[in-house]
Protein chains: 2
Amino acid sequence: MNKNIRIADVARAAGVSTATVSRTLSNPAVVGVETRARVMAAVEATGYRVNTAARDLRQRRARSILVLAPNLANTFFGRIIATIQEVAGSAGLSVQVSDSRAEAGRIEALGHDGRADGIILLDGSLAPEILARWRLPVIELCEWNTRATLPGLAIDNAAAARLAVDHLADLGHRKVLHIAGPEGNVLALTRREGFLAGSATRGLDASVAAGDFTMASGARAARDWIALPDRPSAVFAASDECAFGFIAECHRMGLSVPDDVSVVGFDDVDFADHYIPALTTIHQPRVRLGRFAAQRLIAALTENRPLAPGRELIDAHLVVRNSTRAYQR
Amino acid sequence: MNKNIRIADVARAAGVSTATVSRTLSNPAVVGVETRARVMAAVEATGYRVNTAARDLRQRRARSILVLAPNLANTFFGRIIATIQEVAGSAGLSVQVSDSRAEAGRIEALGHDGRADGIILLDGSLAPEILARWRLPVIELCEWNTRATLPGLAIDNAAAARLAVDHLADLGHRKVLHIAGPEGNVLALTRREGFLAGSATRGLDASVAAGDFTMASGARAARDWIALPDRPSAVFAASDECAFGFIAECHRMGLSVPDDVSVVGFDDVDFADHYIPALTTIHQPRVRLGRFAAQRLIAALTENRPLAPGRELIDAHLVVRNSTRAYQR
DNA sequence: TCCTGCGATGTAATCGATTACACGACGTCG
DNA sequence: CGACGTCGTGTAATCGATTACATCGCAGGA
């Protein structure tokens, strides 16, 4: 394996110094035209590639960003990560991914080992002590820990929840149920509060069921819901998955959506449009979220300045499909 | 920012040489007990972390593996990547991800820039010229280019397709349709061939429609299918997404699955079990695939030997749910 | 007593690229 | 004609950890 093509080899082949080769590659303008051509030819001939470890060491940067998410298998994160990778890739940065639920020591090391220049954090439940010890720019995306105050970006979850409530109210529903997300999750909390606030404004009879974003919890909520004496006619689930679980369980129990109950989801995952019935849901602009976060972080890194502090909220909107309909009777 | 805690600082604090600190951290056994304790205390006190760029440079390795996939947002890849990350993480390796459809030069650089020690490739459509120039161990997972001969791991797609056909035949279906994957894709080809071979064995009347794994192509196939004079009573789609698209479109056109047509998918994505109807499909053991590939690569890396050549096929199985039923009339 | 061997530690070369600084050649301007 | 600036290039220090080799002290055997 002849990986040992060093910059010195190229320099020798071109009859120049290593400094000149390095300059030719990173800042061609300062090198004489003829020399530049000779060096380029030598690079071509030798098949030289920079050794990034050496460059990273010298420049004290890793040209890499780290994305931390609680569940990499999650569809929702998939597209965000893909977008981040795209933006980073075209800026010459590589993207590494890691599960934020790993052992605390390992997580903490990620912010110290010099393998990444910055972190995009998709998990609001990480201990603030860990975040505090990181010495890297961190941007929180989609969710965050209320105790910490890092730069962040997310959709306006409360406003989005109100959109869902308004839609149901407009359809004539008076008794509505929210299947919440897990306790302690900021997103879940904000959506729940948005739901309750919106319901109050519209004078709806609102109640909340426990949930945790999963399909299983949606199914569980459906079984509880069906047993109620005076069932709400509309449901707002804290996630699409949860909504799917609810709908599937209703179906199993012989009830139909939207004929027997209207359902609104949250996220607008890819399947939402192809589920039966196609799901009315809050659309989260995942590509925008991913892109904005990546751009913000990368801009700070390349301009070598700290991340602008502050949390930014962007609008989500409601996509009306077939899982909701006007209240009957 | 006091990131400049070098090994020398620890050495000074402990009153030893940098060599001793390094040894204490990487090979404690060779260091005297008392010295070891002093060094550990100094490490603790200073908050020292190794600089991986320096270590990587010296040791000529990156402690990182690269996962290349054509579409990181794809649910199917999500879980595989998550599993790879898990295995790699506990071996102390980091995982970087990149989109294999990026510009060729960028892709090629990934195998040269020293940022990764090995590659797990989830894309069978990459030009073999590029693979050939990489100087890293590569393992192809799930699909591969027939022209290249790299170590690989996948399920036995032909056998899996035959399972699907057998299931439909057992249910009494005599006329079956396969919605194929994209032209030129090895997976698509193998599944199609398995379908045709299985149909021949069982004496079924088999036909094939074009597709490309997407929901849109499934929907398209549904519209073509419904227009047929003598419609096949069962469909085997080359992917779950495609099956969902087919089912959703049938639904829109007023037909029901499985009452009017039985559908078998391929992959067993998370939603398959919660779709309406729950999808009968081929289960791909994604966790096993990811784990095996990661373990095989990591073992080769840590033992510093080349990857064992050869392609390995593992079994998939059929999961029978509600999208298939016995042929009526 | 002297030599050998071993365990613990230090010294310094090394990995490969970047870059501050120095230098020489050449042109311009007073 | 000399001073000075500019441009292109080379020399060598530097990033921070690892590790081959040297060194030292001491125990045990001849």
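Below, chain A is the first sequence line, B the second, and so on; all start at residue 1. Note that the structure is a prediction, hence the values are computed from the model and not measured.
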Starting from the C-alpha separation in whole Å, work towards a yes-or-no answer on side-chain contact (heavy atoms from CB on, under 4.5 Å) for A:Val16 and A:Arg38. CA-CA 9 Å; A:Val16 298; A:Arg38 268 214 323 286; 3.5 Å; yes
So, using side-chain contact (heavy atoms from CB on, under 4.5 Å) as the criterion, who are the partners of B:Ala104 when residues are at least two apart? B:Ile130
How long is the line joining [atom1] of [X] and [atom2] of [N], in whole Å?
{"X": "B:Arg36", "N": "C:dG7", "atom1": "CZ", "atom2": "P", "value": "14 Å"}
{"X": "A:Asp56", "N": "D:dG16", "atom1": "CG", "atom2": "P", "value": "13 Å"}
{"X": "B:His112", "N": "C:dG16", "atom1": "NE2", "atom2": "P", "value": "16 Å"}

Can you give me the N/O atom pairs linking the protein to nucleotides 17-19 of chain D at distances under 3.5 Å, or say none if there are none?
from, atom 1, to, atom 2, distance (Å)
D:dA17, OP1, B:Tyr48, OH, 2.7
D:dA17, OP2, B:Ile7, N, 2.3
D:dA17, O5', B:Tyr48, OH, 3.2
D:dT18, OP1, B:Arg55, NE, 3.3
D:dT18, OP2, B:Ser22, OG, 2.7
D:dT18, O2, B:Arg58, NH1, 2.3

Got a second to check how far A:Gln85's CD is from A:Ser90's OG, nearest 0.5 Å? 8.5 Å
Is A:Arg61 close enough to D:dC15 that one of its side-chain N or O atoms is under 4.0 Å from OP1 or OP2 there? no
Output yes when A:Arg106 and A:Asp99 qualify as a salt bridge under the 4.0 Å nitrogen-oxygen rule, no when they do not. no
Is there a side-chain contact (heavy atoms from CB on, under 4.5 Å) between A:Leu126 and A:Leu131 once you walk through the steps? CA-CA 8 Å; A:Leu126 225 52; A:Leu131 309 194; 3.9 Å; yes
Pairs meeting criterion side-chain hydrogen bond (donor to acceptor under 3.5 Å, both in side chains) with involvement of residues 25-34 of chain A, two or more places apart: none
